[in-house]
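Data first, discussion second: the structure below is written as structure tokens.
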Number of protein chains: 2
Amino acid sequence: MSDALATIASPRRREILRLLWAGERSAGEIRAAMPDVTFGAVSQQLRTLERAGLVRVRAQGARRIYRAERAALGPLGAVLERMWADSLWRLKLAAELEASRRGPRPRRRARTARRSHRP
Amino acid sequence: MSDALATIASPRRREILRLLWAGERSAGEIRAAMPDVTFGAVSQQLRTLERAGLVRVRAQGARRIYRAERAALGPLGAVLERMWADSLWRLKLAAELEASRRGPRPRRRARTARRSHRP
DNA sequence: CAATAATTTAAGTTATTACTATAATACAAT
DNA sequence: ATTGTATTATAGTAATAACTTAAATTATTG
């Protein structure tokens, strides 16, 4: 899915993009802004955004700094900005993030150590 | 998914919307323009578009006439129009429609009559 | 080099999507 | 009423998306 429209259709990716709109952030900072998901989840969405050309990464020590590639969005950039300015949209986003959790719900902690399935 | 962004992220729905942009069409006419899928598939996407408020239906005899609800798209309408005007985008659409066939591939015809699984 | 920190990668799970085929419905025409 | 036409509805299926946990990678630091 390297298409910009499909990429920004995801509320989670929009959330990330919104953060980066304000300025570059390390992966960790981005993750910190979304405590409801794991680092892995955020990292994956970052890669999706990258593949779509909507963000760029740069390594800085052990950190990876992401920034939004505004130009790549073209007229969609303005659409996003309008969404973000609109407080009604903001409420909708919160609702969507809650509703669109479709991966496995957080599992209860594993009770016993399990050995890895591949040696 | 009653959100406009997510709704127009689908190339198939965009194709339908594009048709309706030119003027209202019956479900049958829409279906005729997309011979690669069944009537059922088109009907479903029409319902999705309807739930998102992007199209409106009106019954005319046994026919259902659909029309695009341009206003509901807001600034996204202009984005779509730009896409459609751009010939490069047109090529991409064709590619996407081919690529994004993810339901079951057309099965070979049933060889023997099967009775229905529920009486 | 070992330990820690930051992040990515991999594999597994579940819900959703975009289809299919077929049955059901609504209206029209004979 | 029966038959035909237009369309929707339902149930089933394969692929995908968004997450999870856990392991692997890469750089920093003691």
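Predicted model, so just to flag it, every value in this text is computed and none were measured. So that the names make sense, note that chain A is the first sequence line, chain B the second, and so on, each numbered from 1.
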Nearest-angstrom distance from the residue atom CD1 of Ile30(A) to C1' of dT8(C): 14 Å
Any Arg13(A) side-chain nitrogen or oxygen under 4.0 Å from OP1 or OP2 of dA18(D): yes
Nucleotide dT7(C), atom C1' - distance to CG of Leu49(A) in whole Å: 16 Å
Sugar-phosphate or base contact per nucleotide [nucleotides 2-9 of chain D; S, B, -; heavy atom under 4.0 Å]: ----SBBS
For atom CD1 of Ile16(B) and atom C1' of dA18(C), their distance in whole Å: 12 Å
Nearest non-hydrogen partners of Ala9(A) and Ala9(B), listed with the distance: CB-CB, 3.9 Å
Sugar-phosphate, base or nothing in reach of Arg31(B), heavy atoms under 4.0 Å: nothing
Sidechain N-carboxylate O distance under 4.0 Å for Arg12(B), Asp36(B): yes
Electrostatic pair Glu81(B)-Arg70(B), nearest N-O below 4.0 angstrom: yes
For atom CD of Glu15(A) and atom P of dA18(D), their distance in whole Å: 13 Å
Donor-acceptor pair, side chain of Ser43(B) and main chain of Phe39(B), under 3.5 angstrom: no
Test: Glu24(B) and Arg58(B) ion pair at under 4.0 Å: yes
Short side-chain N/O contact from Gln45(B) to OP1 or OP2 of dC19(C), under 4.0 Å: yes
d(CD, Gln44(A); P, dT16(D)) in whole Å: 15 Å
OP1 or OP2 of dC19(D) under 4.0 Å from side-chain N/O of Arg12(A): yes
Cationic N near anionic O, under 4.0 Å, Glu15(B) to Arg13(B): no
